[in-house]
Amino acid sequence: MKKLLSLAAVTLLTSAFLDPLIYSGLDKPIPWGRDALMAVGGVVCFYLLVKYRNDL
């Protein structure tokens with residue numbers, strides 16, 4: 001479970017920050033809603049890792 005949460009947190013946070021750069025480079029509108037949801041999901045995964053670090 002710990003590896004899954006770690007992978008999800010890293011993937012979601014990285015995607016949330018790199019996705020606007022990719023879309024702006026392609027001259028497409030940036031999907032801010034999707035990026036915000038990815039960032040929130042990554043923060044939630046990271047929060048769960050910290051909160052339950054002794055139980056995982």
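We use all heavy atoms of the structure for the numbers below, so side chains are in, but hydrogens, waters and symmetry mates are not.
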Considering all heavy atoms, the nearest L13-F17 contact: O-CD1, 3.0 Å
Any side-chain heavy atom of W32 within less than 4.5 Å of one from P20? yes
Consider only side-chain heavy atoms of I, L, V, M, F, W and Y, link residues closer than 4.5 Å, and tell whether V44 and M1 are in one cluster. yes
As an exercise, state the distance from CG of L48 to CG of L5, rounded to the nearest 0.5 Å. 6.0 Å
Atom OG1 of T14 and atom CE of M38: how far apart are they, to the nearest 0.5 Å? 10.0 Å
Locate the shortest heavy-atom distance separating G42 from A9; write the atom from each residue and the value. O-CB, 3.8 Å
L18, V40: one ILVMFWY side-chain cluster at the under-4.5 Å cut-off? no
P31 and Y23, any side-chain heavy atoms less than 4.5 Å apart: yes
Can you list everything that forms a side chain to side chain donor-acceptor pair (under 3.5 Å) with Y52? Sequence neighbours excluded, please. none
Residues S24 and I30: closest non-hydrogen pair is CB-CD1, 4.3 Å
Under the side chain to side chain donor-acceptor pair (under 3.5 Å) rule, collect the residues that match up with D35, sequence neighbours excluded. none
OG of S6 to CG of L56: how many Å apart, nearest 0.5 Å? 8.5 Å
What salt bridge (Lys or Arg N to Asp or Glu O under 4.0 Å) pairs are there with at least one residue in residues 12-27, not counting sequence neighbours? D19-R34
